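Single-structure report; data block below.
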Amino acid sequence: MPRTTTLESPGCPPLRAITFDVLGLIKVSEARSKQGGVTKVVERWGEPDASRCVLAASINDCKVDPLLAVARKNGAVELLSPINGDLRVSLATTNQTDVQSQEDNIVGLHLFRKQQSESSARSCTLLTCTTKGLTTVRSVTIPKSLGDSTCDDTPTTWNVCAAGNVLCCKVDENENYALFGGKGVEVNIWDLATHTKIWTAKSPPKNSLGIFTPTWFTSATFISKDDHRKFAAGTNSHEVRLYDMSAQRRPVMSFDFRETPIKAVTEDIDGNTIYIGNGSGDLASVDIRTGKLLGCFLGKCSGSIRSITRHPDLPVIASCGLDSYLRIWDIKSRQLLSAVFLKQHLTKVVFDSNFEDDEVAGSVATMPPSEQEIDDEPVDRDEESPPVVKKKKKRSKSRSLDENEEVGVSSKHKKTKKSRNLDREDEESRSAKKKKAKKSQNVDEDEEEEELISVEQEKSKKSKVKSKDGKSKKSKKSKGESIDV
């Protein structure tokens, strides 16, 4: 059973994501503002069939007549409408009666955005690459009516590797160059105009123990939209390598990420950040200028990540993999915004950048015409006939603001008065304490004085008694002497 977690997030912005799985199903998930930003599955195209497993996908989300290209396990390449899923063209690339062709599956698919002609029938160009390195570029004419036949030009085919298996293929933003890499295939760059190889990477030297790391690239991407000379590649030995064609053939920078193979690598719009996912469900962002890990995304996935996609306009990325979950992440906070369980193992996810939230547009469209005219009127009309209701609202707002200000000022005065009263009470309590201390000192002094007076009185009494005794003795002596005489 897959691991489920309770989401505590504000939800994701309005968007539309299209996912592909191992049973050939295509599912459309949407997040709308009316639903609180919760992503839900709204459509499902196709019937479950393991032989129609989706191996690669590419979208041309132009505003006029968008297209979605899908490469399946049985060798068929289909062109669909990303709006309703209608099949436009189906192409057979290989003869499935051959056993070798069944092992030579399509691993790379790119739908060119450049339109070669603007006639009644639209023309598009497809690039496909198989595991054995057979690369084909063909032009397909798509008529407006489904019953018409398609006119295919003679495809151009060449081989990008002599040995090994190609596992990753990527076309740059300007659609002039393509890179290929895989198991036993070093990363190489080809010019699509002349179909010639212009650069090949060189494997890194042996390590300190003399062990040579075998060549095994699992994913790759161009870093910048304007510069095809810099790209990043992930390997099966959980290593991420950064290459610069203008500097050297070996990696200019490399670093390890956890302990499982790198399965997905995608670039950011700023040209300085890449997002990597591995086989154990770890998702992180890396600054390619310094090679430092910016941070891992919160909420570990429970299965291998197979696809990462950056939204062209919104600050979010989407990831999917073998845990059957579509997850939407915020690239700034690296928090999980939404997750949807889609039942099957997922192989690829793409964004439809032309999606618009119908609720918001509908609310604007269903406004009364009078309100729309008031909102859209120029300044001159407002000056000629200003609406009374708005003035009243403004006055009431200004009055409420003045009242709030007066209340705030009065509260401040009350606070200052309270503080002053408290200070006065403190001063009075201090003066009372001082008075009490002085009174106690005076009482002590009075008691000491009384004790001194009493001592002196006792001394004077004693002296008087002694004087009386002396007088009486003298008188007795004088009487005795008189008697003798």
Side-chain angles (χ1 to χ4, degrees), residues 1-4 15-31 39-59 66-97 99 101-111 126 128-131 165 167-169 218-219 261 263-264 266 277 279-281 301-309 318-328 338-352:
M1 292 294 293
R3 182 177 62 187
T4 58
L15 53 83
R16 189 169 189 257
I18 305 174
T19 55
F20 312 88
D21 57 35
V22 295
L23 293 182
L25 300 176
I26 302 175
K27 297 180 181 179
V28 181
S29 303
E30 293 180 357
T39 308
K40 294 183 179 180
V41 180
V42 295
E43 292 184 30
R44 194 191 80 168
W45 303 333
E47 296 296 330
D49 186 0
S51 63
R52 292 172 55 82
C53 170
V54 177
L55 303 176
S58 179
I59 187 172
L67 286 176
L68 176 66
V70 176
R72 300 188 181 273
K73 189 176 181 180
N74 57 9
V77 176
E78 297 176 354
L79 294 177
L80 309 171
S81 172
I83 300 174
N84 51 20
D86 292 340
L87 179 64
R88 305 293 296 275
V89 177
S90 180
L91 305 173
T93 58
T94 58
N95 185 9
Q96 294 301 315
T97 58
V99 178
S101 63
Q102 295 181 1
E103 299 176 356
D104 193 16
N105 295 320
I106 297 175
V107 294
L109 175 64
H110 181 76
L111 179 62
L126 284 172
T128 58
C129 180
T130 63
T131 306
N165 295 327
L167 299 178
C168 55
C169 170
T218 56
S219 58
K263 292 297 184 179
T266 190
S280 59
C301 304
S302 57
S304 175
I305 297 175
R306 294 305 172 93
S307 178
I308 305 172
T309 304
S319 67
C320 65
L322 301 185
D323 61 349
S324 305
Y325 272 92
L326 168 66
R327 289 180 168 87
I328 310 296
S338 182
V340 186
F341 181 64
L342 300 177
K343 299 181 181 180
Q344 286 83 23
H345 296 331
L346 304 177
T347 58
K348 185 71 175 178
V349 57
V350 295
F351 278 118
D352 185 4

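None of these values were measured; they are calculated from a predicted model. Just so you know, these numbers use all the heavy atoms, side chains as well, and skip hydrogens, waters and symmetry mates. Quick note: residue numbers are just sequence positions, from 1.
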Residue set satisfying side-chain hydrogen bond (donor to acceptor under 3.5 Å, both in side chains) with D352, at least two apart, ordered chain then number -> R16
d(F351 CZ, I328 CD1) to nearest 0.5 Å is 4.5 Å
Specify the closest pair of heavy atoms between K348 and A57, including all atoms of both residues, with the distance to one decimal.
-> CE-O, 3.7 Å
Taking side-chain hydrogen bond (donor to acceptor under 3.5 Å, both in side chains) as the test, write out the residues that go with Q344, two or more places apart.
-> K27
Tell me, please, which residues at least two apart from T218 pass side-chain contact (heavy atoms from CB on, under 4.5 Å).
-> W216, N236, I262
For S304, all residues meeting side-chain contact (heavy atoms from CB on, under 4.5 Å), sequence neighbours excluded = K263, R306, L322
Please list, chain by chain and in numerical order, all residues satisfying side-chain hydrogen bond (donor to acceptor under 3.5 Å, both in side chains) with S319, sequence neighbours excluded.
-> W329
Set of ring-ring contact (aromatic ring centres under 6.0 Å, His included) partners for H110, sequence neighbours left out = F112
Could you check if a side-chain atom of I59 sits within less than 4.5 angstrom of a side-chain atom of P66, using non-hydrogen atoms only?
-> no
Salt bridge between K40 and E30, side-chain N to carboxylate O under 4.0 Å?
-> no
Between atom CH2 of W45 and atom CD1 of I18, what is the distance when rounded to the nearest 0.5 Å?
-> 5.0 Å
For the residue pair R327 and C301, establish whether any side-chain heavy-atom pair is separated by less than 4.5 Å.
-> yes
Going by heavy atoms in the side chains, are L68 and L79 under 4.5 Å from each other?
-> no
Evaluate the side-chain proximity of L126 to L91: yes if any heavy-atom separation is below 4.5 Å, no if none is.
-> yes
Please identify each residue that fulfils side-chain contact (heavy atoms from CB on, under 4.5 Å) with L55, with sequence neighbours left out.
-> C53, K73, N105
Here the pair of heavy atoms bringing S219 nearest to C168 is CA-CB, 3.8 Å
Measure the spacing between CG of L23 and CZ of R52 and express it to the nearest 0.5 Å.
-> 11.5 Å
Find the distance between CD1 (I106) and OG1 (T131) and round it off to the nearest 0.5 Å.
-> 9.0 Å
Is the closest side-chain heavy-atom distance between V349 and L346 below 4.5 Å?
-> no
Identify the heavy atoms of V350 and F20 that sit nearest to each other, and give their distance.
-> CG2-CE1, 4.0 Å
For D21, which residues count as a salt bridge (Lys or Arg N to Asp or Glu O under 4.0 Å) partner, sequence neighbours excluded?
-> none
I26 backbone acceptor or donor facing R44 side chain under 3.5 Å | no
Evaluate the side-chain proximity of V70 to V77: yes if any heavy-atom separation is below 4.5 Å, no if none is.
-> no
Could you tell me the separation between the CG atom of L67 and the CG atom of L111, rounded to the nearest 0.5 Å?
-> 6.0 Å
For S29, enumerate each residue passing the side-chain contact (heavy atoms from CB on, under 4.5 Å) test, keeping only those at least two apart in sequence or located in another chain.
-> T39, V41, L326, L342
Given side chain to side chain contact (heavy atoms under 4.5 Å, CB included), test S324 with F341 step by step and report yes or no.
-> CA-CA 6 Å; S324 305; F341 181 64; 3.6 Å; yes
Which residues share a side-chain hydrogen bond (donor to acceptor under 3.5 Å, both in side chains) with S51, sequence neighbours left out = D49
Please report the shortest heavy-atom distance between G108 and A56, naming the atom on each side.
-> C-CB, 4.4 Å
Tell me, do L87 and E78 make a side-chain contact under 4.5 Å, heavy atoms counted?
-> yes
